[in-house]
There are 2 protein chains.
Amino acid sequence: MPKPGSRLRLVDVAEAAGVSLATASRSLTGRDGVSEEVASRVRQVAASLGYVVNPYARTLAGGASSSVGLVVHQVDDPYFSEIAGGVIQVAGEQGLMVQICHSGRDPHYELRQIRHLIAQRVGVIIIAGSGYDDPRTEAETKAELTAFQNLGGRVAVIGRHALGVDAVLPDNEAGGFALGAHLLSLGHRHLAVAAGTGGLTTVTDRMAGVLRALRSLGLDPSSLPVVHTDFTRDGGCRAAEQILRDHPDTTAIIALNDAMAMGVLSVLRGLKISVPKKMSVVGFDDVSVAADLAPSLTTVRLPMTDMGRMALELALKPPSTRARRRSTGHTLVVRDSTGPPRR
Amino acid sequence: MPKPGSRLRLVDVAEAAGVSLATASRSLTGRDGVSEEVASRVRQVAASLGYVVNPYARTLAGGASSSVGLVVHQVDDPYFSEIAGGVIQVAGEQGLMVQICHSGRDPHYELRQIRHLIAQRVGVIIIAGSGYDDPRTEAETKAELTAFQNLGGRVAVIGRHALGVDAVLPDNEAGGFALGAHLLSLGHRHLAVAAGTGGLTTVTDRMAGVLRALRSLGLDPSSLPVVHTDFTRDGGCRAAEQILRDHPDTTAIIALNDAMAMGVLSVLRGLKISVPKKMSVVGFDDVSVAADLAPSLTTVRLPMTDMGRMALELALKPPSTRARRRSTGHTLVVRDSTGPPRR
DNA sequence: CTGAAAGCGCTAACAC
DNA sequence: GTGTTAGCGCTTTCAG
């Protein structure tokens with residue numbers, strides 16, 4: 001792959017503007033040390049010439065690294081593609097490149113990707129997706145990120161709290177509570193949970209909210225059936241089958257994300273178990289198709305696109321001594337997949 | 001954004017291997033001019049040291065530009081996120097960065113993005129998404145891409161044929177035919193089409209297939225109602241409303257992509273028009289949720305992820321004198337949204 | 001086949 | 001304030 005591109009260099013701009021290379025550079029980077037008058041003229045000339053800096057030269061020379069690394073579970077998972085959309089928006093506004101890679105929800109693979117990004121000299125790393133309950137798993141990642149930050153790199157994460165970096169935190173606990181409370185207030189007393197892979201903090205947090213809802217009504221959380229399968233549509237299928245088999249009196253299934261809820265619904269449909277008449281189902285996230293399922297899915301909406309935006313904006317701010325946290329808020333969206341329990 | 005990263009340089013590797021900088025460079029880039037013996041030793045040392053080249057320095061020095069620009073309509077549209085997934089996979093395997101940006105299906109905005117990518121010195125540009133019927137609209141883009149290629153850049157497109165570059169071409173015409181033929185063979189004689197924005201070649205091509213199916217049965221294509229609205233879920237809604245109002249005897253609606261089909265289904269559901277009993281509906285693409293809609297959607301499957309892979313692989317091959325074309329194939333996936341017409 | 005040296009285009013000290 | 005200059009880390013002629 002050769003090196004194409006416009007041949008216009010900063011020297012050309014400098015010449016055209018009748019200033020030195022340094023002055024031109026300062027003008028365009030917004031550094032001070034130039035009179036505003038000269039600076040704006042240089043910017044003028046650059047624009048009229050259609051000049052765009054060469055990011056490789058700029059970065060090599062010790063300037064801002066213009067690229068951000070984004071680690072997601074998978075871009076073609078709606079939850080992550082919406083987050084990616086937000087990150088890309090902000091990056092576009094700032095003229096930054098986004099280097100996306102997949103983690104596959106495998107902590108070791110994820111660590112490899114992070115190291116790769118660092119080796120590629122990205123200036124910012126954004127990691128989206130659940131963390132892991134096991135502190136040892138997170139420790140290595142945390143060490144790597146800390147080292148990266150000490151070298152001047154910036155990091156922000158979405159949906160993980162144990163990394164000691166700036167974080168955008170979805171309202172997982174509160175959303176779980178809202179879901180539980182909604183079902184309980186409808187009169188359900190035989191809930192079951194299709195939970196994602198054990199060990200994911202997202203799963204743990206959402207569960208915690210559900211349990212709190214139970215306790216808030218004086219119910220015994222320990223009697224709640226919780227089935228751990230993959231945090232995917234397929235996992236939802238298997239969880240539903242198991243719940244139906246082992247807990248036939250269940251009247252409402254809480255899937256801990258929308259993908260799982262889709263799996264649950266599909267099994268129920270296959271078995272001709274009517275939703276919500278015979279079984280209520282809720283999801284979590286409100287991915288864009290949730291409203292188009294039949295029945296449309298009651299779920300907790302998280303502002304995924306905004307979360308992506310917020311994360312990059314956080315990372316782009318001047319670093320602070322202690323990690324910042326931004327909570328996302330959530331909205332319970334009641335649709336057609338929930339109703340009162342069957343008689 | 002400062003410039004973090006590992007401090008290990010090629011000189012360090014060269015020193016450790018006891019060779020010169022030049023030899024080390026040649027060894028790692030795979031250039032010849034080094035004995036295979038020395039080369040492999042250098043690679044060995046580099047690997048054991050955990051050396052990774054600095055892509056900024058490499059690119060600046062005139063080496064391979066290691067980044068690929070990907071232009072999609074929107075990453076959070078499932079059709080494009082799956083394509084992006086394929087591109088990212090291949091890029092990951094090759095150690096390339098992917099810079100994604102949105103075109104928003106606006107030819108002028110798209111051109112701006114392309115120019116931006118070129119200015120950012122990407123080595124490869126992949127453009128996914130329909131082209132435009134108007135030759136003038138495409139001409140400017142084509143000129144820009146040709147200039148880019150003359151400077152050594154590589155380009156591949158997905159789903160457009162008028163750009164004179166390597167292309168991955170979805171089976172739009174044949175897929176349209178399959179959809180039309182399926183419905184006709186079911187006995188439908190009052191079809192209507194929810195077509196996307198006029199002016200998109202994808203729409204034109206899929207339509208052509210549908211019309212051919214009609215003609216192949218000796219039916220008059222000119223009597224087919226075709227409603228042009230946005231190529232989105234929302235467009236599908238509006239198209240459905242219009243079809244229902246202006247052509248009440250319609251028994252089957254062909255939506256020219258799955259997003260539109262979802263809109264159509266949602267209107268039908270709102271009106272309690274049973275699918276497929278009263279109305280059959282088909283889509284196009286087979287995005288992953290198509291199987292989860294209720295009723296599940298009959299559609300034409302396109303291998304989106306593979307299309308992304310193919311496009312980047314094509315672009316990474318040594319350039320050929322004339323543009324290459326790869327056809328994708330397609331599969332008609334019959335599900336529950338189609339059936340015989342109502343009596 | 002290997003090494004020395006000249007940049008790639010830009011930023012950041014360092015002078016003026 | 002503005003200009004001069006020395007690199008950033010790598011690839012690539014050009015010598016040997």
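Predicted model, so just to flag it, every value in this text is computed and none were measured. Every chain is numbered from 1 and lettered A, B, ... according to where its sequence line falls, protein lines coming before strand lines.
At the phosphate of D/dC10, OP1 or OP2 sits under 4.0 Å from a side-chain N or O atom of B/Tyr51. The phosphate of D/dT11 has OP1 or OP2 within less than 4.0 Å of a side-chain N or O from B/Ser25. OP1 or OP2 of C/dG3 has at least one side-chain nitrogen or oxygen of B/Thr23 nearer than 4.0 Å. Residue B/Ser35 places no side-chain N or O under 4.0 Å from the OP1 or OP2 atom of C/dC1.
Counting non-hydrogen atoms of neighbouring residues, nucleotides and ligands closer than 6.0 angstrom, the CG atom of A/Asp32 reaches no more than 12 such neighbours.
Distance CD (A/Glu15) to C1' (C/dG9): 14 Å, rounded to an integer number of Å. One atom, CZ of A/Arg121, and another, P of D/dC8, lie 13 Å apart when rounded to the nearest Å. Taking atom CG on B/Asn54 and atom P on C/dC10, their separation rounds to 16 Å, with Å as the unit. We find that OH of B/Tyr56 is positioned 14 Å from P of D/dG9, with the value rounded to whole Å. One can place CG of B/Leu60 at 11 Å from P of D/dT11, the figure rounded to the nearest angstrom. Atom CG in A/Leu21 sits about 13 Å away from atom P in C/dC8, given to the nearest Å. Here C/dT11 presents its C1' atom at 16 Å from CZ of A/Arg9, a figure rounded to the nearest Å. C/dG7 atom P lies 19 Å from atom CG of A/Leu10, rounded to whole Å.
Nearest-nucleotide positions on DNA chain C for A/Thr29 and B/Val19 put B/Val19 closer to the 5' end.
For B/Arg26 and C/dG3, a side-chain-to-base donor-acceptor distance below 3.5 Å is present, hydrogens and geometry of angles not being considered.
Of the candidates C/dG7, C/dA12, C/dC10, the closest approach to any side-chain atom of A/Arg31 belongs to C/dA12. Side-chain atoms of B/Ala57 lie closest to D/dC10 of the nucleotides D/dC10, D/dC8, D/dT4. Of the candidates D/dT2, D/dC8, D/dC10, the closest approach to any side-chain atom of B/Arg58 belongs to D/dC10. The side chain of B/Ala22 lies closest to D/dT12, out of D/dT11, D/dT12, D/dC8.
Of the options B/Asp12, B/Leu28, B/Val42, a side-chain contact (heavy atoms from CB on, under 4.5 Å) to B/Tyr51 is made by B/Leu28 and by none of the others. Of the candidates A/Arg326, A/Arg154, A/Lys317, A/Arg154 is the only one forming a salt bridge (charged side-chain N to carboxylate O under 4.0 Å, His left out) with A/Asp166.
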ask   = Given B/Ser130 and B/Thr202, is the side-chain hydrogen bond (donor to acceptor under 3.5 Å, both in side chains) satisfied, shown in steps?
value = CA-CA 5 Å; B/Ser130 180; B/Thr202 301; 3.0 Å; yes

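Note on ring orientation: taking the six-membered ring where Trp is involved, the planes of B/His73 and B/Phe80 are perpendicular (angle over 60°, cut-offs 30° and 60°).
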